[in-house]
Structure formats: C-alpha cells, structure tokens
**Student:** 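Here it is, the structure, as structure tokens.
It should be emphasised that the depicted structure is a prediction, and the values quoted were computed from it without experimental measurement.
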Amino acid sequence: MRTEKEKMLSGDLYDPLDPQLAKERHRARLLMKAFNDSRDDQGRERKRLLLELFGAMGKGSFLEPPFYCDYGSNITLGERVFFNFNCVILDVAQVTIGNHVLFGPNVQVYTATHPLDAEQRRSGLEAARPISIGDDVWIGGGAILCPGVTIGARSVIGAGSVVTKDIPEDVFAAGNPCRVIRALEGGESC
C-alpha cells in the first residue's frame, strides 16, 4: 500500500493530515522561521538554512526574506535564481526552477489543488500537479502560477498575472488569465 507522501508526489488524492507529512511541514516551518528571522549580516547562516530546506539549490541563488513554502524538499532551484520579498511556494508537488530566474515580490507558486466536487472536497483529501519554470524567466511581482503550469525558457510573466495554462518560450505573457501578448526578441528590455 502506498504512503500518503507517495500519493501526494504522484498527483493522486492524499490526506494532508498524515503524520509523516505533518512532520515534514513542521521541519520546513522551523527552517523558514530561522531564515525569515535572520539578519542581513548572516549570509552564511541563511545559505545553510536554504540548503537544508530545498531539494537542491544552485550556486548564486538568493532569496529575500520572508519566504514561505510547504515542504521545501520538493523545490529545485537552478543557478543564480532570485526571489524578491514575500514569495510563497506551495510545493506539494515538484517545483523545478531553471537557471537565472527572477521572481518579483509577492509571487505565489501553487502546486496544491482540491477536488472540484464538493462532497469529495469535504473529505479533506487534496492533490497536486508539478510546476516547471525554464531558464532565464522573469516573473513579475504579484503573479500567481497555478497547479501544473510550465513557463518556457526566456519568457516574461507580467506583474499581477494569473498563469492557468502553459506559457511557451520567448514570449511576454500577462493578464488574468495570463495569455501571450507578443514574442520576445533577443536584447529587449522592459
């Protein structure tokens, strides 16, 4: 019989109140508390805490506190990833972030989802779908990435956008729901 964690990571309905999952979330909360309470002059300690929190973290990655997540262990950061203040990742499923990715303040990344059927939702079970963000992506402040989306390499997501579907490579996309506005050409700046 599969564990609730195995169900969670495979995208099946699972019980979030499972003791193993509660223990792992508690571990993440303690690491985030220490990170979020740290001072700017404690760079080494911040890095140590993040290396312990995340599944993987590439060289040169930097997060401005506060930062929040569910587990941390389901987050993989490439090299030179930057998170501005107050970002949230609900990493119930895998969140894969490429190299040289920029997150504006208040970006929210949600892999968690719930059944649409009210009776099934009342059971307390939930599910998740992974999120993937390609290399050289910039996600503007206040954007929300919904479960299961992929953001293609070198694309830009406008501030305040709600991304409900995959975004291809090399485009500027914005809005609610987020949609492709135009293709990007090398060397452009906003």
**Student:** Measure across G11 and A127 and return the closest heavy-atom pair with its distance rounded to 0.1 Å.
**Tutor:**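 Heavy-atom minimum between the residues: O-CB, 3.8 Å.
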**Student:** Under a single-linkage definition using a 4.5 Å side-chain heavy-atom cutoff for Ile, Leu, Val, Met, Phe, Trp and Tyr, are F103 and V171 assigned to the same hydrophobic cluster?
**Tutor:**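 They do share one cluster, since a chain of ILVMFWY contacts under 4.5 Å joins F103 to V171.
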**Student:** Quick test of your reading of the model: are K7 and D15 salt-bridged, counting only N-O distances below 4.0 Å?
**Tutor:**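 A salt bridge is absent here (no side-chain N lies under 4.0 Å from a carboxylate O).
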**Student:** Take atom CZ in R179; do more than 12 heavy atoms of anything else shown fall under 6.0 Å from it?
**Tutor:**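 Not buried by this count: 12 neighbours or fewer within 6.0 Å.
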**Student:** Below 4.5 Å, heavy atoms only, C-beta onward: do P130 and T96 meet side chain to side chain?
**Tutor:**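 SC-SC contact between P130 and T96 ruled out.
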**Student:** Taking all heavy atoms of Q94 and all of T76, pick out the closest pair and write down the distance.
**Tutor:**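 Smallest heavy-atom distance, with atoms named: NE2-OG1, 2.9 Å.
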**Student:** Given salt bridge (Lys or Arg N to Asp or Glu O under 4.0 Å), test R122 with E119 step by step and report yes or no.
**Tutor:** CA-CA 5 Å; R122 199 175 303 126; E119 278 190 50; 5.1 Å; no
**Student:** Does I144 share a hydrophobic cluster with I133, counting links as ILVMFWY side-chain heavy atoms below 4.5 Å and allowing steps through other members?
**Tutor:**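 As far as the 4.5 Å side-chain criterion goes, I133 and I144 are connected within one cluster.
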**Student:** How about F35 and L53: do any of their side-chain heavy atoms sit closer than 4.5 Å?
**Tutor:**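 Heavy-atom side-chain distance check fails, nothing below 4.5 Å.
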**Student:** Report whether V109 and V92 are members of the same hydrophobic cluster (ILVMFWY, side-chain heavy atoms less than 4.5 Å apart, transitive linking).
**Tutor:**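 In one cluster with V109: V92, no.
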**Student:** Below 4.5 Å, heavy atoms only, C-beta onward: do L50 and E52 meet side chain to side chain?
**Tutor:**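 The answer is no; the side chains never approach within 4.5 Å.
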**Student:** Do V107 and C87 make a side-chain contact, defined as non-hydrogen atoms from C-beta onward lying under 4.5 Å apart?
**Tutor:**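 Yes; the side chains approach each other to less than 4.5 Å.
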**Student:** Can a donor-acceptor pair be found, under 3.5 Å and without considering hydrogens, that links the side chain of S155 to the backbone of D170?
**Tutor:**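 Confirmed, S155 side chain pairs with D170 backbone.
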**Student:** Is there a side-chain contact between I97 and F54, using heavy atoms and a 4.5 Å cut-off?
**Tutor:**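 Counting from C-beta outward, I97 and F54 never come under 4.5 Å.
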**Student:** Can you tell me if T111 uses its side chain to pair, donor with acceptor, with the backbone of P147 under 3.5 Å?
**Tutor:**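 Looks like no, no N/O pair under 3.5 Å.
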**Student:** Side chains of E4 and L17: does their closest heavy-atom pair fall under 4.5 Å?
**Tutor:**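 Contact flag for E4/L17 side chains = no.
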**Student:** Could you check if a side-chain atom of R182 sits within less than 4.5 angstrom of a side-chain atom of L184, using non-hydrogen atoms only?
**Tutor:**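 Yes, side chains in contact.
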**Student:** Do M32 and F85 sit in one hydrophobic cluster, given that two such residues count as connected whenever their side-chain heavy atoms are within less than 4.5 Å of each other, even indirectly?
**Tutor:**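 M32 does not cluster with F85.
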**Student:** Check for a donor-acceptor pair, side chain of R121 on one end and backbone N or O of L116 on the other, with a separation under 3.5 Å.
**Tutor:**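 Yes.
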**Student:** How close do A143 and G158 get, counting heavy atoms only, and between which atoms?
**Tutor:**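 For A143 and G158, the tightest heavy-atom pair comes out as CB-O, 4.2 Å.
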**Student:** Name the residue from I151, T150, V180 that meets the side chain to side chain contact (heavy atoms under 4.5 Å, CB included) definition with P168.
**Tutor:**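 Per the side chain to side chain contact (heavy atoms under 4.5 Å, CB included) rule, the option paired with P168 is V180, out of I151, T150, V180.
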**Student:** Is a side-chain donor or acceptor of N99 paired with a backbone partner of E79 at a separation under 3.5 angstrom?
**Tutor:**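 Yes, N99 side chain to E79 backbone: donor-acceptor pair under 3.5 Å.
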**Student:** How long is the straight-line distance from CG of L49 back to CG of L30, given to the nearest 0.5 Å?
**Tutor:**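 The CG atom of L30 sits 11.0 Å away from the CG atom of L49.
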**Student:** Please set out all donor-acceptor pairs under 3.5 angstrom arising from side-chain atoms of residues 61-71, sequence neighbours excluded.
**Tutor:**
from : atom 1 : to  : atom 2 : distance (Å)
S61  : OG     : G58 : O      : 3.3
S61  : OG     : G78 : O      : 2.9
S61  : OG     : V81 : N      : 3.1
Y71  : OH     : R25 : NH1    : 2.8

**Student:** Could you go through the side-chain contact (heavy atoms from CB on, under 4.5 Å) check for D40 and R46 one step at a time?
**Tutor:** CA-CA 9 Å; D40 279 347; R46 283 182 175 179; 3.3 Å; yes
**Student:** How long is the gap from CZ on F82 to CH2 on W138, to the nearest 0.5 Å?
**Tutor:**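 Answer rounded to 0.5 Å: 12.0 Å.
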**Student:** Do S10 and R2 have side-chain atoms, one donor and one acceptor, less than 3.5 Å apart?
**Tutor:**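 Distance-only check passes for S10 and R2.
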**Student:** To the closest 0.5 Å, what do you measure between NE2 (H114) and CG (L13)?
**Tutor:**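 It comes to 11.0 Å.
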**Student:** Would you say that L21 contacts M8 through its side chain, given a criterion of any heavy-atom pair below 4.5 Å between the two side chains?
**Tutor:**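 Contact flag for L21/M8 side chains = yes.
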**Student:** Ion pair present between E24 and R27, side-chain N to carboxylate O less than 4.0 angstrom?
**Tutor:**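 No, this pair does not count.
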**Student:** Decide, yes or no, whether a salt bridge links R154 with D136 under the criterion of side-chain N to carboxylate O below 4.0 Å.
**Tutor:**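 No.
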**Student:** Can you see which heavy atom on S123 is nearest to which on Q120, and at what distance?
**Tutor:**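 Taking every non-hydrogen atom into account, OG-O, 2.5 Å.
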**Student:** Shared ILVMFWY cluster between I131 and V88, side chains joined below 4.5 angstrom?
**Tutor:**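 Linked within one cluster.
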**Student:** Ignoring hydrogens, what is the shortest heavy-atom contact between G124 and P16? Give both atom names and the distance.
**Tutor:**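 Heavy atoms of G124 and P16 come nearest at O-CD, 3.3 Å.
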**Student:** Which pairs, with at least one residue in residues 2-27 and sequence neighbours excluded, count as a ring-ring contact (aromatic ring centres under 6.0 Å, His included)?
**Tutor:**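 Sorted pair list comes back empty.
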**Student:** What distance do L145 atom CG and L90 atom CG have between them, rounded to the nearest 0.5 Å?
**Tutor:**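 So the gap between those two atoms works out to 11.0 Å.
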